[in-house]
There are 2 protein chains.
Amino acid sequence: MNDLRPPAEDRPVAPGIPEATVARLPLYLRALTALGETGLRTVSSEQLATAAGVNSAKLRKDLSYLGSYGTRGVGYDVEYLRYQIAREIGLNEDWAVVIIGIGNLGQALSNYGGFRSRGFRIVSLVDGDPARVGEQHGDLVIESMSDLDRIVKENDISIGVIATPGDAAQGVADRLVSAGVTSILNFAPAVLTVPSGIDVRKVDLSIELQILAYHEQRKRLPGEVRS
Amino acid sequence: MNDLRPPAEDRPVAPGIPEATVARLPLYLRALTALGETGLRTVSSEQLATAAGVNSAKLRKDLSYLGSYGTRGVGYDVEYLRYQIAREIGLNEDWAVVIIGIGNLGQALSNYGGFRSRGFRIVSLVDGDPARVGEQHGDLVIESMSDLDRIVKENDISIGVIATPGDAAQGVADRLVSAGVTSILNFAPAVLTVPSGIDVRKVDLSIELQILAYHEQRKRLPGEVRS
DNA sequence: TAGATTGTTAATCGATTAACAATC
DNA sequence: TAGATTGTTAATCGATTAACAATC
């Protein structure tokens, strides 16, 4: 509803690292991990950029926000740069995560190996349907929404993942925030309103398909020039 | 192949809608659908922007790329604007989709209601594991990778969704492209290389969490400027 | 008409990119 | 030193935003 937050320039802002760069650091991290597993010790910006799917100028610019971790004429030490990026993102810490809404998507997320391997630990599954409470999923048991406050506090959870239907999402977000969660990853098709200081990121599966459909449609238009 | 497209003058002719605008059209569409269901007939840019989670200047700028569909002093007709945006995206057509990789995520995607309701029809589930072929999921049966070519051609599929492990993704992408698919939505943690003219969009679940972790970490840094 | 609100302009902001001096 | 490659500059490109003339 009303955005009561102060103007953007008065809110905490990362010193120096642009948002677009932050969003690419995980790509570099993954590429470095893969390259490291091949035994490569040193990598040039050209090689690393190719592995990450960006161009080398952008990569060097991005890395320059973190510091000078390369050696001119040589390149970057794979393991050292990997460590520096992981530290910058915060992956040397362990992050406790709760997933709310254990439908197909919630179950898929709870089984997703890419989370645990990067320091994210799913410590609780919660569902608003009392009939689902008690269900075993892997080594977790679905818990009740009424226990959310205790769950967040006991596990020091700062990240909540919402995988509910759209109309339940705002209520769940409110509950998460009041329990103390300060970062939310939202898979529900809904616009969330949260207090200042709470970060929300949204993943909308159908929006991605719609963007593809737009471009697909344009490919089919005759007489269009595509770049 | 019959050309079932509407006459040229009914199709979008906008030469270049900025990518950032294209990515927001689905948000406006969803907001308009929700507002329409409340019985609202007319909406101002201010109201619609709030419902979609953007500011009104951006909304009006975005809509101006589509044409002049509003009335000064009045606002936008909800149903008319909804139709125009759906047409612009291409949602008045029916898009056949194949999902490859029927693990937890692939199953979640195949059950996701947000696809069908927007004109995306999942016509086939494919898995590279022969032991999975024949499994029933809803009204679909898992098919074999060796049938992919036939499946794509028989169903006129232009969009493929990759939900395999990362190391299988490039091979699947190659198969999709050679079968004739020209748009790919990739959920696998891998950088895909495709020929020019093929659109790839990537959804990386762990990257979203990593971006949240970065900001979460910064909230916890002492001595940060948080005026 | 008077009030409301769009559509557009222009300024600003942020991201990308090529080029190359610095330097290993 | 000679070759290689980073880190940085500066130009360009694209997106955002406030403001307001146009106009219903």
Side-chain angles (χ1 to χ4, degrees), chain A residues 3 5-11 13-28 31-32 35 40-78 80-82 84-85 88 211 214-215 227, chain B residues 14-28 31-32 35 40-78 80-82 84-85 88 211:
Chain A
D3 187 347
R5 292 173 301 182
E9 66 270 23
D10 289 333
R11 272 182 269 137
V13 165
I17 301 193
E19 201 50 41
T21 296
V22 171
R24 283 187 293 265
L25 293 180
L27 296 178
Y28 304 151
L32 284 165
L35 290 170
L40 194 72
R41 308 293 299 269
T42 299
V43 69
S44 71
S45 61
E46 197 65 56
Q47 287 175 290
L48 180 53
T50 298
V54 303
N55 73 50
S56 65
K58 190 186 284 180
L59 170 71
R60 289 198 301 278
K61 187 86 171 115
D62 284 341
L63 294 184
S64 75
Y65 292 113
L66 310 191
S68 291
Y69 294 137
T71 306
R72 289 169 201 239
V74 177
Y76 303 89
D77 182 279
V78 172
Y80 180 62
L81 184 59
R82 196 206 60 73
Q84 292 298 342
I85 293 177
E88 189 70 40
I211 295 171
Y214 170 82
H215 292 294
S227 51
Chain B
I17 298 184
E19 202 50 42
T21 296
V22 171
R24 283 187 293 264
L25 293 180
L27 296 178
Y28 305 151
L32 284 166
L35 290 169
L40 195 72
R41 308 293 297 270
T42 301
V43 69
S44 71
S45 62
E46 196 65 56
Q47 287 175 288
L48 180 54
T50 298
V54 304
N55 73 50
S56 65
K58 190 186 284 180
L59 170 72
R60 289 198 301 280
K61 188 83 171 117
D62 284 342
L63 294 184
S64 76
Y65 292 113
L66 311 192
S68 291
Y69 295 138
T71 306
R72 289 168 202 241
V74 177
Y76 302 89
D77 182 278
V78 171
Y80 181 62
L81 184 58
R82 195 205 59 73
Q84 292 297 343
I85 292 177
E88 188 70 40
I211 294 170

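Side chains included, hydrogens not; waters and symmetry mates left out as well; all remaining heavy atoms used. In what follows, chains carry the letters A, B, and so on, assigned in the order in which the sequence lines appear, proteins first and then strands, with residues in each chain numbered from 1. This one's a predicted model, so the numbers in the text were calculated from it and none came from an experiment.
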Figure out the [atom1]/[atom2] separation between [X] and [N], and round it to whole Å.
X	N	atom1	atom2	result
A:Y65	D:dT6	OH	P	17 Å
A:D77	D:dT6	CG	P	13 Å
A:E46	C:dT17	CD	P	13 Å
B:Y69	C:dT6	OH	C1'	15 Å
B:D62	D:dT16	CG	P	7 Å
B:K58	C:dA11	NZ	C1'	17 Å
B:Y80	C:dT6	OH	C1'	15 Å
B:R60	C:dT6	CZ	C1'	7 Å

Query - Reported CG-to-CG distance for the pair A:L81 and A:L66, which is rounded to 0.5 angstrom - result: 7.5 Å
Report summary line: dist A:Y65:OH -> A:T21:OG1 (nearest 0.5 Å) comes out at 5.5 Å
Query raised in the report: For B:Q47, does its backbone N or O pair with a side-chain atom of B:S44 as donor and acceptor, under 3.5 Å?
Result: yes
Among [options], which nucleotide sits nearest the side chain of [X]?
X	options	value
A:A20	D:dT8, D:dA15, C:dA15	C:dA15
A:K61	D:dG7, D:dT9, D:dT6	D:dT9
A:S45	C:dT8, D:dT6, D:dG7	D:dT6
B:T71	D:dT8, D:dC20, D:dC24	D:dC24
A:P18	C:dT17, C:dA15, C:dG7	C:dA15

Side-chain heavy-atom pair [X], [Y] within 4.5 angstrom cut-off:
X	Y	value
B:T42	B:Y76	no
B:R60	B:S56	yes
A:L59	A:R24	no
B:R82	B:D77	no
B:D62	B:V54	no

Query raised in the report: If you find the nucleotide of DNA chain C closest to B:Y76 and the one closest to A:N55, which residue's nucleotide is nearer the 5' end?
Result: B:Y76
Query raised in the report: Which is it for A:Y80 and A:Y69 under the ring-ring contact (aromatic ring centres under 6.0 Å, His included) test, yes or no, and what are the steps along the way?
Result: CA-CA 8 Å; A:Y80 180 62; A:Y69 294 137; 5.6 Å; yes
Might you list the N or O atoms of the protein lying below 3.5 Å from N or O atoms in nucleotides 2-4 of chain C, with each pair's distance?
none

Requested in this report: Taking Watson-Crick and G-U wobble pairs with both distances under 3.5 Å, convert DNA chain C into its dot-bracket string, 5' to 3', dots for unpaired and | for cross-strand pairs.
Outcome: ..||||||||||||||||||||||
